[in-house]
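Scroll down for the structure; my scribbles are underneath it.
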Amino acid sequence: MVSAVLASSLARRNIHYGWVVVAATFLTMLVTAGAMGAPGVLIKPLQDEFGWETSQISSALAIRLLLFGFMGPFAAAFMNYFGVRKVIVFALALIGAGFIGSLFMTKLWHLLALWGIVVGFGTGLTAMVLAATVSTRWFVKHRGLVVGMLSASSATGQLVFLPLMAELTERYGWRATVFFVCAMIMLAALLVLLFMRDRPSDVNLPSLGEAHVAPAPARTTLGAALMTPITTLREISTTSTFWILFATFFICGLSTNGLIQTHFVTLCGDFGIVPVAAASVLAVMGIFDFFGTIGSGWLSDRFDNRWLLFWYYGLRGLSLLYLPFSDFSFYGLSIFAIFYGLDWIATVPPTVKIAADRFGREKAGLVFGWVFAGHQLGAATAAYGAGLSRTELSSYLPAFFVAGALCLLASILAITLKKSGLTNPAPAAVH
């Protein structure tokens, strides 16, 4: 196999094959995040062609965000049962099918079914749970850094492709953007087939930082695998740690994916900024997020993750409260893009680290899956709520004030977490 030969060649150079898996995962999350971000530049073209209101289009995006989140725990179970590579390829095929189908849609329910359900289901299988699963399986050393890198790929993919997609949409129509997304998906699927492997033992290696090869756990039945997320939720729901992480991540999703990613381009349009220029501001956020989130991963290996979350949420809240007063000038938006971008998804590495520390490495993927469900529940709330605000109040700004205030609340919640110690609500087998 290509992976076995490459793993052997890299080992002779003292390079762990886990970094190849990280690269394949990075590309996958970059591409699927680009697919998640694409509707942000397509709201106005869909309104112009089909006459749909912002709140109607936002309802489809809210469904997508909900599925994106609530598939997380089950995605972890599917990866444990079917293997990471098969799940990723299936997910990419679903996302591609949803976008290709949208080329032929004519009614609102087509949008709800394709961009809401099909794309939501597919992207949910490759959500942040994929980053948590890969990092905990392949790395003991540098785990926080790896989570930061993969988290950065997801957030960056949502933003850096937007200027190109906005340009394609403006020049050739929204369908050109759909073709572009599908081409990226095909490339990612090919590279995953070639290089992705499920566990270090597949290439006869230990996890980076360990001395011995750990065999793959015994395979359970599909029914038992599907029940594992429910069993895990029942256990962790008795702890305050889980509910604090869930609440703070609800606010995280509300203030990022659901608000900025979905509505920022349209918000800027309300102030006379053309889509390409607005998407370029998002791209700047993506660039600063890339370094901010990797830096957050590095910091999470070295400092108290509760205080990192305190500062991340607090600074994000202040930046959102500042945005309505920026006058949407070049200077004002530049300040917002830098400070907000550094903090776009820097909350992920500390949250994953806290979940792994408190609930154990074997449960980390499933626990984070449920925490991430809170993230996307918040995102869906903002995606629909901000669209409703614009439809009913003719302004997005109330949604930004609410999101900023909630981020300040999240910063306070983060430091109420107990300092350390493994949380064991009840022993249970996790496959």
Side-chain angles (χ1 to χ4, degrees), residues 29 62-81 84 87 91 120-121 123-137 143 147 150-151 154 220 223-258 305-306 309 313 345 347-382 410 413-414 416-418 422-431:
M29 296 184 70
I63 292 171
R64 180 202 59 177
L65 290 167
L66 277 174
L67 283 174
F68 183 66
F70 281 98
M71 277 303 300
F74 298 95
F78 289 145
M79 289 174 195
N80 289 342
Y81 184 80
V84 174
V87 170
F121 189 85
T123 52
L125 291 173
T126 56
M128 287 295 178
V129 176
L130 175 59
T133 300
V134 168
S135 63
T136 53
R137 284 187 184 182
R143 183 182 296 158
V147 174
L150 296 179
S151 302
S154 179
T220 184
L226 291 175
M227 283 303 299
T228 302
I230 306 300
T231 304
T232 301
L233 178 62
R234 188 163 58 242
E235 295 168 11
I236 64 178
S237 64
T238 62
T239 69
S240 60
T241 297
F242 168 72
W243 288 111
I244 291 172
L245 292 178
F246 186 94
T248 54
F249 238 46
F250 175 94
I251 296 170
C252 181
L254 182 145
S255 57
T256 54
N257 301 57
N305 289 275
R306 301 171 308 145
L309 290 177
Y313 283 118
I345 205 163
T347 54
V348 173
T351 303
V352 172
K353 288 279 290 184
I354 290 172
D357 290 344
R358 307 300 169 86
F359 298 101
R361 186 172 70 176
E362 288 302 314
K363 290 183 180 179
L366 286 165
V367 173
F368 183 71
W370 284 114
V371 172
F372 188 70
H375 185 280
Q376 294 310 112
L377 182 61
T381 300
L413 286 174
T416 66
L417 287 163
K418 295 178 182 178
L422 192 67
T423 301
N424 288 309
V430 179
H431 303 283

Q. How far apart are the closest heavy atoms of Val147 and Pro349, and which atoms are they?
A.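 Taking Val147 first and Pro349 second, the nearest heavy atoms are CG1-CA, 3.7 Å.
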Q) Considering all heavy atoms of both residues, which atom of Leu150 and which atom of Met29 are nearest to each other, and what is their separation? A) O-CE, 3.8 Å
Answer yes or no: is there a side-chain heavy-atom contact under 4.5 Å between [X] and [Y]?
X      : Y      : answer
Phe250 : Thr381 : yes
Phe249 : Val348 : yes
Tyr313 : Leu309 : yes
Arg137 : Val84  : yes

(Q) side chain to side chain contact (heavy atoms under 4.5 Å, CB included) for Leu366 and Phe359? Distances and angles first, verdict last. (A) CA-CA 10 Å; Leu366 286 165; Phe359 298 101; over 6 Å; no
Q: State yes or no: are the ring centers of Phe74 and Phe78 separated by less than 6.0 Å?
A: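 No, the ring centres sit 6.0 Å or more apart.
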Interatomic spacing from [atom1] in [X] to [atom2] in [Y] - rounded to 0.5 Å:
X      : Y      : atom1 : atom2 : result
Met71  : Thr123 : CE    : OG1   : 9.5 Å
Phe246 : Ile236 : CZ    : CD1   : 9.5 Å
Leu125 : Leu130 : CG    : CG    : 10.0 Å
Arg358 : Thr239 : CZ    : OG1   : 10.0 Å
Thr351 : Phe368 : OG1   : CZ    : 6.5 Å
Leu245 : Ser240 : CG    : OG    : 9.5 Å

Q: Quick one: sort the Phe372 and His375 rings into parallel, tilted or perpendicular, breaks at 30° and 60°.
A: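 Answer is parallel, since the angle falls under 30°.
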Q. Considering residues at least two apart in sequence or located in another chain, which fulfil the side chain to side chain donor-acceptor pair (under 3.5 Å) criterion with Thr248?
A. none
Q: Check whether any side-chain N or O of Arg306 sits under 3.5 Å from a backbone N or O of Ile354 as a donor-acceptor pair, and report yes or no.
A: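 No.
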Q) Can you check whether Pro229's main-chain N or O pairs, donor with acceptor, with Trp370's side chain at less than 3.5 Å? A) yes
